[in-house]
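Just below is one structure, and these are the notes that go with it.
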Amino acid sequence: MTEHHRNDAAGSHDDPLSLIAQRVLWTSTAIIHHANHVRPNTSGLKVGGHQASSASMVTIMTSLWFEQLRADDRVSVKPHASPVLHSINYLLGLLDEEYLSTLREFGGLQSYPSRAKDPDPVDYSTGSVGIGATAPIWGAIARRYVDTTLATTGTGRQYSLVGDAELDEGAVWEAILDPSVEALGEIVWIVDMNRQSLDRVVPNIAANRLEAMFAAAGWQVITVRFGRLLEELFSRVGGDALRTRILQMPNAEYQRLLRCDADEIRTRLPGNSPEAGSIAGLIGELDNATLVQAIANLGGHDFESMRHAYNQIDDNRPTVIIAYTIKGYGLPTQGHPQNHSSLLSPAQFTALAKQLGEDPTHPWRRFDQQSPAGIVCREAAKRLQRRPVPVPSELRFPSDIGRTPATKSTTQAALGRALLDLSREAPDVAKRVVTVSPDVSSTTNLAGWLNKVGVWSPSERRNWFDDDGETIMHWRENPTGQHMELGIAETNLVGLIGELGTTWSRWGERLFPIGVLYDPFVERALEPWSYGIYAGGQSILVGTPSGVSLAAEGGAHQSIKTPSIGLEQPGCVSYEPAFAIDVEWILLKCISQLGTPEGRSAYLRLSTRPVEQALAEVPSDPAARERRRAHVLAGAYTLRAQRNPAATIVTMGAMVTEAIVAADRLADMGTAAEIVCVTSLSLLFEAKQARRGQSAGPSWILDQVFPPEKAAPMVTVLDGHPNAMSFLPSINHVKSIALGVSGFGQAGSLEDVYRYHHIDSDAIVAAVLDIAS
């Protein structure tokens with residue numbers, strides 16, 4: 001390896017921790033190299049990996065795992081450092097050697113850390129920028145919630161290892177600025193300040209501004225800029241000038257120095273300031289190897305500097321450690337402006353092996369257990385061994401509270417009533433329900449539930465309005481409350497319910513998190529919620545109010561695409577009920593599916609449009625009522641049956657009123673229209689796939705609700721994009737007309753808005769007459 005590529009480990013060559021760091025660097029580099037240059041690749045596509053991004057984290061992660069972490073701590077690892085995590089787990093004996101050659105291979109090590117799919121311990125799934133970084137914040141709240149309401153979970157810090165470019169993500173700052181975060185002293189972020197993004201050296205990363213932003217949010221800020229070698233040079237004659245020169249030079253100029261040999265450094269480093277002579281004199285005292293080592297001696301690569309930072313952590317508030325590093329540290333590509341996704345060539349890999357004393361043909365090695373490094377690994381593995389997760393206790397879930405609403409009501413209001421009924425019918429289940437909203441508790445009809453269960457807070461806070469008779473919603477904050485309210489940031493809400501939905505797998509305590517937000521903002525929250533589901537977080541997301549039925553609010557608050565989102569979201573079942581009784585049955589079912597290995601998240605799309613509940617025609621006979629309930633939960637039921645229908649009107653949610661009015665008008669004209677009320681498009685699609693052998697789910701609901709012998713032309717209508725229902729006519733291969741909302745909404749009366757979008761009863765009648773003629 002040429003002189004300007006060589007970097008000694010941050011410590012003595014005989015220091016066990018330095019030897020471990022070298023082995024971690026080698027193994028993580030070899031994992032990526034094997035996937036790209038050794039393993040057969042029949043497709044010809046680049047496998048990829050991030051050797052440089054991994055290398056910048058080696059010292060930080062080695063010091064953390066082998067010196068600092070305890071069993072109750074949890075760590076979120078930046079996505080591109082996953083090979084470092086796997087290397088550490090391998091040295092700790094937590095990953096079998098056979099997996100080291102399987103990076104990005106089907107069934108092997110994942111591209112980014114995954115709780116659900118990696119074979120070794122992963123605390124948080126990462127990969128989507130910003131989401132993995134903030135997950136430990138919500139994990140800390142979830143642990144505290146379990147601790148104050150259900151069982152003792154122990155203590156432990158929640159670490160996030162964050163790339164500096166990741167701080168560009170707005171979700172990061174939404175989380176940092178939420179008022180609930182300031183008191184979480186177990187939160188520790190370590191920022192890999194390598195000052196490079198994917199494409200370039202960031203010209204002005206404004207580290208001082210980042211420090212000020214964290215501090216303004218109430219965080220402790222610890223900056224680790226330089227290692228011991230540079231700090232020692234700063235103490236010599238000319239050292240102050242050298243420090244000032246390094247601190248003031250542009251990022252790109254500093255990165256260029258990392259690519260220089262000693263002679264070039266001596267020419268470039270002094271610069272043109274009046275202090276250039278004193279800098280030249282200082283570095284003139286150094287031999288070439290020391291000078292090259294010194295210019296790369298940043299704090300994030302120095303064990304002693306990192307130890308000092310850890311020792312300063314204040315456990316009474318969140319802490320961020322900003323550790324300056326070099327992307328690609330220790331590799332031939334270190335400091336190169338385009339090294340983000342670059343791979344070592346076979347020749348470079350062989351040279352690295354020679355430098356580190358490794359065998360490129362047999363790259364996987366653990367330390368001898370009796371060697372000093374082996375002893376450190378063994379002791380770390382013992383220290384980090386976690387208690388087995390207890391099996392969650394059995395619960396009795398009610399399936400039907402037994403009430404049959406008779407007055408006009410909304411599905412949104414039915415949610416709050418169902419929660420209150422649950423607290424009376426099944427208190428053991430209800431005490432594990434935790435609702436979360438972004439400052440919309442009253443407008444989404446959670447006030448009654450909130451008044452009953454209170455608001456969760458780590459400590460009790462006085463409600464100064466408890467003696468105000470005109471205050472309807474009582475904001476009682478204490479450690480036994482079951483409602484959490486965050487600021488207006490939907491990404492925070494879904495991040496929190498995702499972590500609340502993992503407590504069964506972390507501590508053996510089931511929680512049933514229900515996040516409630518305006519349905520138009522589901523799209524804003526979708527990616528982090530989807531990623532939470534991928535990571536094993538099981539939750540219920542309620543979007544309400546929904547659709548253009550929110551007429552007076554205008555287009556900006558009217559959702560269109562969310563029915564399709566619910567249909568397509570993996571790991572989730574979506575429902576859009578029409579009646580209050582449907583909401584109750586669905587909610588009870590969805591809660592029972594949370595917090596198990598086979599569990600499933602749910603999305604409920606609810607409405608503020610009042611509907612006459614008598615239109616549901618809920619059977620009074622117990623067996624018939626149970627049959628209706630089974631159909632509701634399976635995805636659809638026949639609301640108005642016809643012996644020989646001329647057409648089938650398939651509707652969903654708040655549009656049931658228009659469908660019934662249209663059917664009555666058609667009957668007066670002698671046209672018999674059957675009405676099918678869909679509750680879950682996702683379950684019906686699964687049933688259709690199951691019928692074709694493409695899914696393992698049941699398909700009986702199709703035969704019950706869409707029997708071939710009653711196949712008729714179909715008109716579908718929903719308060720959402722018509723494409724969501726477009727697969728239904730193919731069940732029996734019938735002609736169809738799809739009604740729905742495919743343009744931005746308008747403000748106005750309900751009648752005017754429905755007419756504008758052609759989803760009113762007139763449009764349904766016209767469509768049936770057209771298709772049935």
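Worth saying up front: this structure is predicted, and the values here are computed from it rather than measured. Positions are given from 1, in the same order as the sequence printed here.
- Side-chain contact annotation: Trp504 with Thr596, donor-acceptor N/O pair under 3.5 Å absent.
- Salt-bridge formation is not detected for the pair Arg157/Asp73: no Lys NZ or Arg NE/NH1/NH2 atom is positioned less than 4.0 Å from an Asp or Glu carboxylate oxygen.
- Remark: the Ser601 side chain and the Gln538 side chain contain no N/O donor-acceptor pair separated by less than 3.5 Å.
- Remark: the Glu485 side chain and the Ser437 side chain contain an N/O donor-acceptor pair separated by less than 3.5 Å.
- A salt bridge links Arg225 with Glu211; the closest basic N to acidic carboxylate O contact falls under 4.0 Å.
- The side chain to side chain contact (heavy atoms under 4.5 Å, CB included) test applied to Thr153 returns Arg143, Val146, Asp147, Trp507, not counting sequence neighbours.
- Put simply, the side chain of Glu499 never gets that close to the backbone of Gly537: no donor and acceptor are under 3.5 Å apart.
- In this structure, a donor-acceptor pair under 3.5 Å is absent between the side chains of Glu477 and Ser457.
- Within the 6.0 Å centre-distance limit, the rings of Phe521 and His557 are counted as a close aromatic pair.
- Within a 6.0 Å radius of CZ in Arg387, no more than 12 heavy atoms belonging to other residues, nucleotides or ligands are found.
- Going from atom CG of Leu526 over to atom CZ of Arg524 covers 13.0 Å, rounded to the nearest 0.5 Å.
- Inspection of the Thr503 and Glu509 side chains reveals no N or O donor paired with an N or O acceptor under 3.5 Å.
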From CA spacing to verdict: side-chain contact (heavy atoms from CB on, under 4.5 Å), Leu92, Trp65: CA-CA 10 Å; Leu92 292 173; Trp65 260 263; 3.9 Å; yes
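- The shortest distance between side-chain heavy atoms of Trp529 and Cys572 falls below 4.5 Å.
- Atom CD of Gln68 and atom CD1 of Ile60 lie 12.5 Å apart (nearest 0.5 Å).
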Start with the C-alpha distance between Ile321 and Ile313, add both sets of side-chain angles, then the distance that settles side-chain contact (heavy atoms from CB on, under 4.5 Å), and finish with yes or no.
CA-CA 9 Å; Ile321 298 173; Ile313 292 175; 4.3 Å; yes
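- No side-chain N or O of Ser546 forms a donor-acceptor pair with one of Thr544 less than 3.5 Å apart.
- Residues Leu604 and Cys590 form a side-chain contact, since some pair of their non-hydrogen atoms from C-beta on lies under 4.5 Å apart.
- Ring geometry for His80 against Tyr112 counts as tilted: the plane angle lies between 30° and 60°, on a 0 to 90° scale.
- Taking all atoms of both residues into account, the shortest heavy-atom contact from Pro563 to Gly720 is CG-CA, 4.1 Å.
- Put simply, the side chain of Trp189 does not reach to within 4.5 Å of the side chain of Thr319, judged on heavy atoms.
- Gln158 has its side chain out of reach of Val75: every pair of non-hydrogen atoms, C-beta onward, lies at least 4.5 Å apart.
- To the nearest 0.5 Å, the span separating CD1 on Ile497 from CG on Asn492 amounts to 11.5 Å.
- Nearest heavy atom pair, residue Tyr534 against residue Ala116, reads O-CB, 3.7 Å.
- Contact check for Val542 versus Leu415: side-chain heavy atoms found under the 4.5 Å cut-off.
- When ring centroids are compared, Phe214 and Trp173 come within the 6.0 Å threshold.
- Ile131 approaches Pro528 most closely through the heavy-atom pair CD1-CA, 3.5 Å.
- Under the 6.0 Å cut-off for aromatic ring centres, Tyr124 and Tyr531 do not qualify, their centroids lying 6.0 Å or more apart.
- With no hydrogens or angles considered, a side-chain donor-acceptor pair links Trp456 and Thr148 at under 3.5 Å.
- At a threshold of 4.0 Å, the pair Arg317-Glu182 does not count as salt-bridged, since none of the basic side-chain nitrogens sits closer than that to a carboxylate oxygen.
- Interatomic distance, Arg510 CZ to Leu150 CG, rounded to the nearest 0.5 Å: 12.0 Å.
- At a threshold of 4.0 Å, the pair Glu67-Arg307 counts as salt-bridged, since one of the basic side-chain nitrogens sits closer than that to a carboxylate oxygen.
- Put simply, the side chain of Asn478 does not reach to within 4.5 Å of the side chain of Val455, judged on heavy atoms.
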May I have the step-by-step check of side-chain contact (heavy atoms from CB on, under 4.5 Å) for Trp449 and Leu422, ending in yes or no? CA-CA 10 Å; Trp449 163 258; Leu422 179 66; over 6 Å; no
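- Formation of a donor-acceptor pair under 3.5 Å by the Asp178 side chain with backbone atoms of Gly487 is found in this model.
- Considering Thr410, Thr411, Leu588 as possible partners of Val583, the one that fulfils the side-chain contact (heavy atoms from CB on, under 4.5 Å) test is Thr411.
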Steps toward side-chain contact (heavy atoms from CB on, under 4.5 Å) verdict (Val436, Leu500)
CA-CA 10 Å; Val436 185; Leu500 290 167; 3.9 Å; yes
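- Residues Leu587 and Ala418 share a closest heavy-atom pair of CD2-CB, 3.8 Å.
- Listed for the Glu166 side chain is a donor-acceptor partner under 3.5 Å among the backbone atoms of Gly130.
- Side-chain atoms of Leu541 and Val494, non-hydrogen and from C-beta on, do get closer than 4.5 Å to each other.
- Side-chain N or O atoms of Ser680 include one that pairs as donor or acceptor with a backbone N or O of Ser574 at under 3.5 Å.
- One distance of note links OG1 of Thr325 with CG of Asp164; it measures 7.0 Å at 0.5 Å rounding.
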One pair to check against side-chain hydrogen bond (donor to acceptor under 3.5 Å, both in side chains): Ser559 and Arg605. What are the steps and the verdict?
CA-CA 10 Å; Ser559 56; Arg605 191 175 190 251; 3.1 Å; yes
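- A donor and an acceptor atom, one from each side chain of Thr562 and Asp519, are located under 3.5 Å apart.
- In the model, Gln569 has a side-chain atom that pairs as donor or acceptor with a side-chain atom of Ser530 under 3.5 Å.
- Arg506 forms no cation-pi arrangement with Tyr145, by the criterion of a distance under 6.0 Å to the ring centre and an angle within 45° of the ring axis.
- Closest approach of Pro136 to Ile187, counting heavy atoms only: O-CD1, 3.4 Å.
- Side-chain contact between Val573 and Lys589 is absent, with no heavy atoms from C-beta onward closer than 4.5 Å.
- The two residues Ala81 and Met57 make their nearest non-hydrogen contact at CB-CG, 4.0 Å.
- Rounding to the nearest 0.5 Å gives a distance of 11.0 Å between CZ of Arg144 and OG1 of Thr155.
- Remark: the Arg115 side chain and the Ser125 side chain contain no N/O donor-acceptor pair separated by less than 3.5 Å.
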